[in-house]
Amino acid sequence: AGYHGCLGVAVDGVAGGGDEVWQKAVTQLRERFKFSVWKKGTGRFCGRDVEQDKDGSIRVGQHHYAKAVDYVAIDRGRRANPAQTCTPGEVMQLRSALGARSFLARESTPDLSGPVSLLQSRVAGVRVQDLVEANFLARLAKDYADLEIPIAAFGVDLRGRGLRRCARWGVAGRSGDTGREPEHPRR
């Protein structure tokens, strides 16, 4: 028995990897269900661009999403008085903008987490300056849209610790790695 791979399933996406047993099971799955796109080593899963390098490491980013982040519209006259309270329409725009920035911060751009969280804490008493800050965060997201989170390839057996080698898509064929789980006596 043992583990042969992992499969992550979301509403409209699938990601995973494993050994020959896993490959056979996925082939049967693909014969039974229609998948419009099937890629190996690269793709988009749950809004993240994921790519595996030849050494087994993985890079995760949200280039497409970061580049598409919208700015909050601020009238030129409003910018002159940053301490002004925002209109209900501006508050609605800010809430939407913070949702987009929060998704980026949570999924692929952790450096935005602090500033986004601070802005979210001020939503009850939003000022024009907060809109300006939200636009600054949009500029940062766009300027650094190509940054990625690297996940190093690893061969550590984490069985029984809540984490498996799921991040290692199809590493079979690497020097000394068969893609199979090592045999371990039961604990």
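The structure displayed is predicted, hence computed values, not measured ones.
Between the side chain of Arg95 and the backbone N or O of Met92 there is no donor-acceptor pair closer than 3.5 Å. Put simply, the side chain of Asp49 never gets that close to the backbone of Gln62: no donor and acceptor are under 3.5 Å apart. In terms of modelled atom types and a separation under 3.5 Å, the side chain of Thr87 and the main chain of Glu90 share a donor-acceptor contact. Although no hydrogens or angles enter the test, the distance criterion places a donor-acceptor pair under 3.5 Å between the side chain of Arg101 and the main chain of Ala134. The main-chain N or O of Ala25 is never found under 3.5 Å from a side-chain atom of Gln28 such that the two would form a donor-acceptor pair. No donor-acceptor pair under 3.5 Å is formed between the side chain of Arg32 and the backbone N or O of Arg30. Asp53 contributes no side-chain N or O that, together with a main-chain N or O of Gly56, makes up a donor-acceptor pair within less than 3.5 Å. Listed for the Ser117 side chain is no donor-acceptor partner under 3.5 Å among the backbone atoms of Gly114. Checked by atom type and distance alone, the side chain of Lys142 never pairs as donor or acceptor with a backbone atom of Ala66 at under 3.5 Å. Remark: side-chain polar atoms of Thr27 are paired, donor with acceptor, to backbone N or O of Gln23 under 3.5 angstrom.
Counting heavy atoms from C-beta outward, Leu131 and Leu94 have side chains that approach closer than 4.5 Å. In this structure the side chain of Arg122 reaches within 4.5 angstrom of the side chain of Glu133, judged on heavy atoms. Put simply, the side chain of Val26 reaches to within 4.5 Å of the side chain of Trp38, judged on heavy atoms.
For Phe35 against Leu29, the heavy-atom pair with the smallest separation is CE1-O, 4.1 Å. Closest approach of Thr42 and Lys39 over heavy atoms only: O-CB, 3.1 Å. In terms of heavy-atom proximity, Val14 sits nearest to Leu7 at CG1-CD1, 3.2 Å. Contact detail for Cys46 and Ala10: the closest heavy-atom pair is SG-CB, 3.4 Å.
Here Leu112 contributes atom CG and Glu107 contributes atom CD; the two are 12.5 Å apart, rounded to the nearest 0.5 Å. Once rounded to the nearest 0.5 Å, the distance linking CZ of Arg48 with CD1 of Ile149 reads 9.0 Å. A distance of 9.0 Å separates OG in Ser121 from CG in Asp130, rounded to the nearest 0.5 Å. In this structure, Leu98 CG and Leu119 CG are separated by 5.5 Å, a value rounded to the nearest 0.5 Å. The CD atom of Glu51 sits 7.0 Å away from atom CD of Glu148, with the distance rounded to the nearest 0.5 Å. Summarising the geometry, atom CG belonging to Leu118 is positioned 10.5 Å from atom OG belonging to Ser113; distances are rounded to the nearest 0.5 Å.
Thr85 and Arg127 are linked by a side-chain donor-acceptor pair at a separation below 3.5 angstrom, with hydrogens and angles left out of the test. Arg139 and Tyr71 form a side-chain donor-acceptor contact under 3.5 Å, judged by distance and modelled atom types alone.
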Derivation and outcome, side chain to side chain contact (heavy atoms under 4.5 Å, CB included), residues Asp111 and Tyr144:
CA-CA 11 Å; Asp111 53 307; Tyr144 297 100; 5.9 Å; no
What do the steps show when you test Arg59 against Val50 for side chain to side chain contact (heavy atoms under 4.5 Å, CB included), and what is the final call?
CA-CA 6 Å; Arg59 292 177 285 119; Val50 181; over 6 Å; no
Output, in order, the C-alpha distance, side-chain angles, deciding distance and verdict of side chain to side chain contact (heavy atoms under 4.5 Å, CB included) for His64 and Arg44.
CA-CA 10 Å; His64 66 288; Arg44 187 167 292 158; 3.2 Å; yes
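Val116 and Leu147 fall within a single hydrophobic cluster, where Ile, Leu, Val, Met, Phe, Trp and Tyr are joined by side-chain heavy atoms under 4.5 Å apart, directly or via other members. With hydrophobic clusters built from ILVMFWY side chains whose heavy atoms lie under 4.5 angstrom apart, Phe33 shares a cluster with Trp22. Note on Phe103 and Val60: separate hydrophobic clusters, where clusters join Ile, Leu, Val, Met, Phe, Trp and Tyr whose side-chain heavy atoms are under 4.5 Å apart, directly or indirectly. Note: the hydrophobic cluster containing Leu137 also contains Val128 (ILVMFWY, side chain heavy atoms under 4.5 Å, direct or indirect links).
Ion pairing of Lys67 with Asp146 is present here, as a side-chain N (NZ or NE/NH1/NH2) and a carboxylate O approach within less than 4.0 Å.
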